2 protein chains.
Amino acid sequence: MRAADEAFASGGPTVSMDEIAGAAGVGVGTLYRHFPTKEALFVAVVSHHLSLLCDEVETLRDASDPGAAFYDLLDRMVQEATDKRDLIDALSRAGIDPSDGVGEVKERLHAAVGALFARAKQTGAVRDDLGVDELLSLLMGTCTAMCQVDADQAARARMMAVIFDGLRPPTAPRHSASRR
Amino acid sequence: MRAADEAFASGGPTVSMDEIAGAAGVGVGTLYRHFPTKEALFVAVVSHHLSLLCDEVETLRDASDPGAAFYDLLDRMVQEATDKRDLIDALSRAGIDPSDGVGEVKERLHAAVGALFARAKQTGAVRDDLGVDELLSLLMGTCTAMCQVDADQAARARMMAVIFDGLRPPTAPRHSASRR
DNA sequence: AAGAATACGGAACGTCGGTTCCGGTTGTCA
DNA sequence: TGACAACCGGAACCGACGTTCCGTATTCTT
């Protein structure tokens, strides 16, 4: 059942309950017997994904090379989120809506990524003027950017290179983006 | 009338026609007398914005310092797109849907940005391994990322710094983002 | 094996938003 | 000044979608 639900999530949060039910081979009534509302179903699927992601990140927490592990993680996250479009919405919701059930999982992800992020900073692999929130937001943005150029793998690699290079410690203060 | 339409666009493409009409101080019927469909209205607004943006970019085409002009432009675009949420959808549509009326304006924007981009490359202000499509997609992603951290101007500046530093020519080949 | 309780599928309902259409109004021309 | 025409506002229509409900199937119990 969850398997069919994942299939739903790939289409984004706009698919109708009928379609989800159809994909799962059940009636809509069955869906509502397991989840009180569509929102709840979406949250469940999203939380599940985020939870898996958390496990992965927590595994990397004590990696011997935090920098490499960090960039590897980013690469994988973006790669995965590009396929599963719902993960993007997941991340975006994680940043926006602290009320619903995603909130707790978001905390976990935040903490796990934060830990790895901090270690990577210590080794000088990433710049130290960036917060976890900003990192996650950037990551989210990158994912949506990736969804634009569906096919071209090379283009994606170039875009990732931009982000990665930007995350490294700047060799020298070169530009200020401040305004107002 | 257009003025009121812009007000609509700020709320994203999901606002109802009734709300738009209300904001414009007219009835829905009037809206439909000027635009055959909601989609058309949206396209009109978006095209208008993109058109203005094109004018701006084309002005910068022959700037004495293409690099500075380029980064200044990015800064302004992101800043503006953060306020006007519809511009994000505009950029995203520009990348995705070549069928509707936005297509032509997208060509113009593509060409104008491409020209400035090329000149900035020549002066060594930006890396030369990136295409215009990738740049625009990245820009779009950055905008959506910005919309996450609504308030904090400092956070936005840090995120922009990441993007900007990533766009500069890498000092040395340091990391490969390829996979698969 | 029979009855009850639970689960199931899908038809039915209410709401919401895009689109259409009709009655009123304003401006124009003779 | 009176009739005609264009325009306007908003009520009415229609389809889509989330949600609910009921008749039926299935399984568990004794």
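This structure is a prediction, so every number in the text was calculated from the model and none was measured.
- In this structure, CD of B:Glu19 is placed 12 Å from P of C:dC16, rounded to the nearest angstrom.
- Put simply, B:Thr30 has a side-chain N or O that comes within less than 4.0 Å of OP1 or OP2 on D:dG9.
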May I have the list of side-chain donor-acceptor pairs in residues 23-35 of chain B shorter than 3.5 Å, sequence neighbours left out?
none

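- Rounding to whole angstrom units, CG of residue A:Asp18 and C1' of D:dG15 are separated by 13 Å.
- Applying the 6.0 Å contact sphere to NE2 of B:His48 captures no more than 12 heavy atoms from other residues, nucleotides or ligands.
- Sorted by first and then second residue, the salt bridge (Lys or Arg N to Asp or Glu O under 4.0 Å) pairs with a member in residues 121-131 of chain B read A:Asp165-B:Arg127, B:Arg127-B:Asp129; sequence neighbours excluded.
- Taking all atoms of both residues into account, the shortest heavy-atom contact from B:Glu56 to B:Arg76 is OE2-NH1, 2.9 Å.
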A:Ile163 and A:Val78: CA distance, side-chain angles, deciding distance, side chain to side chain contact (heavy atoms under 4.5 Å, CB included) verdict
CA-CA 11 Å; A:Ile163 301 292; A:Val78 171; over 6 Å; no
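- For the OP1/OP2 pair of C:dC8 and a distance below 4.0 Å, the side-chain nitrogens and oxygens of A:Arg33 include at least one atom meeting the criterion.
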Report the C-alpha distance between B:Leu130 and B:Leu138 in whole Å, list the side-chain angles of each, state the deciding distance to 0.1 Å, and finish with yes or no for side chain to side chain contact (heavy atoms under 4.5 Å, CB included).
CA-CA 11 Å; B:Leu130 201 70; B:Leu138 273 174; 4.2 Å; yes
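- At whole-Å resolution of the value, CE in B:Met17 and P in C:dC16 are 19 Å apart.
- Remark: P of C:dT19 and CG of B:Leu31 are 11 Å apart, rounded to the nearest angstrom.
- The distance from atom OH of B:Tyr32 to atom C1' of C:dT19 is 5 Å, rounded to the nearest whole Å.
- Using a 4.0 Å cut-off on heavy atoms, the residues of residues 21-29 of chain A that approach DNA chain C are A:Gly25, A:Val26, A:Gly27, A:Val28, A:Gly29, listed by number.
- Within the 4.0 Å cut-off from OP1 or OP2 of C:dT19, at least one side-chain nitrogen or oxygen of B:Thr37 is found.
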